[in-house]
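As C-alpha cells, the structure follows; a few thoughts come after it.
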Amino acid sequence: MFSGIDEVDWASMEHAYGPADDVPELLRGLASEDPAEREAALDGMYGAVHHQGDVYACTLACIPFLFELAVEPKVQDRGGVVELLTSIGGFDLDEDDEAEIDEDEIEGAANYAMAAAAVTAGAGVFFELVADEDPGVRLAAPLALATLHRHPVRVLALLRERLPVEPDEEVRLALVEAAGRVALRHRPLAGRVAEWLGRLASRAHSPGLRLAALAQLARCSPDRLPGDVVPVVSGLLREMRSPPEVDAAEGDGTDSDQDPGAEPVDPDAEPVDAEPVAAAEASRGEQVATPTLVGQLRSLSAQESAECGAPWAADLLRTLHVGLDDRVGDRTALLADQLRSPDRRQRIDAVRMSGGLIRAWRGPYEELVALVGDQLSDPEPRLAEAASHVLEELFGLAAPAADALAARLADRPGDWVKCWASGPPGLGSTVKALARLGDARAVPALAAALELPQVAHDVGFAVGHLGAAAQPLAGALRTRLGEVELDEGAYDRASPLLAGLTGLRAGEATPEVLRVLRGAPQYRGEWLRTAALRALGSFGPAAREAVPELRALISRPGTAAATEAAEALWAISGDAEAVLPALIEGLQSHQVHERRAAAVALGSLGPRAAVVAPRLRGLLAHEELWLRVDAAIALWEVSGRSQETVEALLAGWERSRHVRVRVAECVARMGPVPEGSAAAHVLRSELASVRRHNAMDGGYGSHDIHEDEKLLALCRQALRGTGKGTTA
C-alpha cells in the first residue's frame, strides 16, 4: 500500500494551510492502528486537504491512495475514507455554475471536475464494499455509489438486492437513502424509485425502515406521500419507542418487490451472516475523542447517539421535513406530536426543527409555540435550553409561551446573565425572549444585570423592546453611564447603556450623555459619539441643554458627525434653517453611508426640506440600491409626490428582498394603497407567499422572524381599506 507515495512532489503543492508536504503523513495516519491517530489524520484531511469542500492539486494526488485505503480489509475506520472520497468526487458543476466562473476560479473549477472524474472512474469498487464485513464501510458505500457511479440502474438494482440480506438497521436505512439520492440525481428513475419506496413504506417492515422510505419519498416524489402522512409517521415514532419485535417481513426479497428494470435477486445466493445489530455497532470501532474539531464533533454526536435508542431517527425526520417543504400544516402537526413524545431526545430534535420551520415559513404557530414553551420546565437542561433559544428568536410570536418563560425566569435567576471566558457578559435567552415580548416580568432580571460589575452587552436592546415597561430602569442606566470611564474601553461599557436610554427616551439623562459625547476617546470614539447623538435625538425637546453642543458639531458640514448632530438638533429644536445646510452638504459626501444618513435626516424635515427635492430625485438613478431607496422615501417626505417615489420603491422591492421592510414602512405611511395598483399587487403577492421573504438556505439571522412579521404587518396596514383579501 502507498506504492509511489514518496515519488509525488508534495512540497510543490499547497493545501488550505500552506505546503502540502505533510499529506503523506496524514495518509499513513489513516492506516494507523491507533484510533486517535486515525481520527487526527481524518480531521487533517478535511481541515487542510479538503478544506470546506475545496479541491487542491494535493487533493487530486491523494485520490489513488484513498482508494487503496478504502479496499484494504486490514485498515480500520474505512467508512470515513469512503465518505471522504464521496465528498471529494461528489461536487456537481452544472452549466449555470460554469457560466458564472471568473478567471480567478478557473483553476479551482478544473480541480473539481478532475476530482469528480477520478473518483467516478474508480467508483466500481463501491459495489464490492456494499457487502464488506465492516458495517461502517457498508454504511458509507451506498451513498458513494448513488453519488458517483455512472450507471444508476445498476446501482438501484444493487441497493434493492442488498436490502433483504443486510442485517444492520442503520445500513438498511443508508440503502434507502441512497435510492432517494439516485432519484434526485437521475430524474427519469424517480418514478421507479418512488414505487419501490411506497411499497417499503406500506409493508410490515420495521418502523425505522418505513420512516426512511417516507422520508425519501418526501425528498424525491412528495406527491406520492400518503394523504395521512402525519398520523402514519406519528404511529411509526410510537412503534420505535416500543420494545422491538421480530419482523418476519424484513427479509422479504421476493420478485414482487422488484421492478421490471432491476436485476433479479438470486434465490440461491448465500446471505450475509445476520449478526446482531449490537455486534455490528461494536465492530465499527470505539469513537475516540481527539483535540481536533472533527474529533470533538464526532465525539459529541456519538454521545448523543448513545443516549438515543434510534440515533438515526432525527436525521430521518429532518429529511422528511425538508421534503414536506411548504406543507406547513403537515409539518406543524408532526412537530406537535413529536413535542408531546415521552422521549426527551425526540423532543429536543422537535424543538430545534420547530425553530427551523418557523424561521423559514409563515403559518399559524400558536399551538406549536405553546408546546415549545412547555419544554422550559423539563429537568433535562439541554431540552429547556434549546426551547429558550428558539423562543428568543420568535419575538412577538413567542406570546403563547410567555407564562412559561416567566416561570423559568423566576425559577432560575442564575441564568439571567451568561458570563464567558472572554468578552462581555450577555443576557440569558429566557430574559431576551421575555423582553422581546414587551413583558414587564423581564424587568427584575434587567435590573439585576445593571447591578453587575460589567453590564451585559445586550441590556440596552432588551430595554428598547420593553419600552415604557422598563421605565423603572432609567435611573440605574443613568447612574451607570455616569460612572463609565472614558478610556479605550468606553464604547463597550457605554453603548449598552446609551441604547437603553435611547429606547426609554430618558431626557433626564442628557447631562450624562453629553459627558460621553464631549469626552469620547479616540479609540472607537466615532461609534460612541454616534450612539450618544442618537440618544440625544430620541430625547427630543427634553435634551434642550445639548443644543449649543450640537450647533458646534454641525459647523463642520460634510462629516458624519455633522449629519448625525443635525438630525439630533432637528429632533430637539425643530430648527430647520440651522440643520438644512449641513444635511445638504452630507448629501454630497463621497461615502454612500453618509449620503444615506443625510437623505434619511432630510426626510424627517418633511416639506421644510422641499428645496432638496431635485437633489434627491437625481439619486434615484444611483448605482447603490439602498441609497436609491432612502432617496425615494425622502423625496416623498419632502415633496408629497408619491408617483415617482412608489415606482422607485417597487423597483427596489423586486431587486432585493432586504429592502422590503423599509419600502413597506414608507408605503404604509402613504395611506391605503389604491385597489388594482402595482403596489397593491406587490403587497398582496407578499402576503400570499408562505415562504418568509428573508429565508435563506444554510443560514439565518437572529432577527429574521421579527423582520418578516413586521413586513407582513406593514403590508396589511398599507392595504387596509382597499378591498377584500388584505390579511394573510
Side-chain angles (χ1 to χ4, degrees), residues 417 419-427 446-464 470-573 582 586 591 593-594 597 601:
V417 177
C419 295
W420 316 103
S422 61
L427 295 174
L446 298 180
L450 287 171
E451 294 175 359
L452 297 176
Q454 188 174 9
V455 175
H457 69 90
D458 41 7
V459 159
F461 299 110
V463 170
Q471 194 61 45
L473 302 176
L477 288 165
R478 182 181 178 184
T479 299
R480 292 303 301 266
L481 185 62
E483 296 169 350
V484 169
E485 292 185 24
L486 299 178
D487 54 18
E488 289 192 349
Y491 175 77
D492 290 333
R493 293 191 297 270
S495 59
L497 305 168
L498 288 167
L501 292 168
T502 300
L504 293 177
R505 303 180 183 274
E508 65 272 23
T510 297
E512 288 77 13
V513 177
L514 278 174
R515 182 184 78 92
V516 171
L517 181 65
R518 293 167 182 152
Q522 184 174 0
Y523 181 67
R524 293 183 175 177
E526 183 178 347
W527 298 356
L528 188 55
R529 281 189 291 273
T530 295
L533 288 169
R534 287 176 180 167
L536 292 171
S538 74
F539 299 164
R544 188 167 296 277
E545 67 178 284
V547 168
E549 196 82 25
L550 299 176
R551 289 187 183 277
L553 285 173
I554 65 173
S555 65
R556 300 189 295 274
T559 64
T563 299
E564 293 163 353
E567 188 171 14
L569 182 57
W570 164 251
I572 295 168
S573 69
Q591 300 295 325
H593 71 276
E594 292 181 9

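Nothing here was measured: the structure is a model prediction, and the numbers come from that model. All residue numbers refer to positions in the sequence shown, counting from 1.
Residues forming a side chain to side chain contact (heavy atoms under 4.5 Å, CB included) with E545 (at least two apart in sequence, or on another chain): T510, P511, L514. Looking at residues two or more places apart in sequence or on another chain, you find a side chain to side chain donor-acceptor pair (under 3.5 Å) between R518 and E549.
Around the CD atom of Q471, the shell of radius 6.0 Å holds more than 12 heavy atoms that belong to other residues, nucleotides or ligands. Other residues, nucleotides and ligands place no more than 12 heavy atoms under 6.0 Å from the CD atom of E485.
The CG atom of L501 sits 8.0 Å away from atom CD of E508, with the distance rounded to the nearest 0.5 Å. Here the straight-line distance linking atom CD1 of I572 with atom CG of L550 works out to 5.0 Å at 0.5 Å rounding. In this structure, E594 CD and T563 OG1 are separated by 6.5 Å, a value rounded to the nearest 0.5 Å.
Heavy-atom minimum distance, H457 versus G426: CD2-CA, 3.8 Å. Residues A582 and A566 share a closest heavy-atom pair of CB-CB, 4.2 Å. Residues A494 and L528 come closest through the heavy atom pair CB-CD1, 3.8 Å. The minimum heavy-atom distance linking V513 with A535 is given by the pair CG1-CB, 4.3 Å. Closest approach of V463 and G500 over heavy atoms only: CG1-O, 3.6 Å. Taking both residues in full, the closest heavy atoms of C419 and P425 are given as SG-CB, 4.1 Å, listed atom of the first, atom of the second, then distance.
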L427 vs L446, side-chain contact (heavy atoms from CB on, under 4.5 Å): CA-CA, chis, key distance, verdict:
CA-CA 8 Å; L427 295 174; L446 298 180; 3.7 Å; yes
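Put simply, the side chain of R515 gets close to the backbone of G482: a donor and an acceptor are under 3.5 Å apart.
Evaluation of the side-chain hydrogen bond (donor to acceptor under 3.5 Å, both in side chains) test over residues 489-502, restricted to residues two or more places apart or in two chains, returns D487-R493, D492-R524.
Residues E483 and R480 meet the side-chain proximity criterion, which asks for heavy atoms closer than 4.5 Å. Inter-residue side-chain proximity for V484 and V516 is flagged as unmet; no heavy-atom pair is nearer than 4.5 Å. T479 places none of its side-chain heavy atoms less than 4.5 Å from the side chain of L450. Taking 4.5 Å as the limit, some side-chain heavy atom of L553 sits within range of a side-chain heavy atom of L517.
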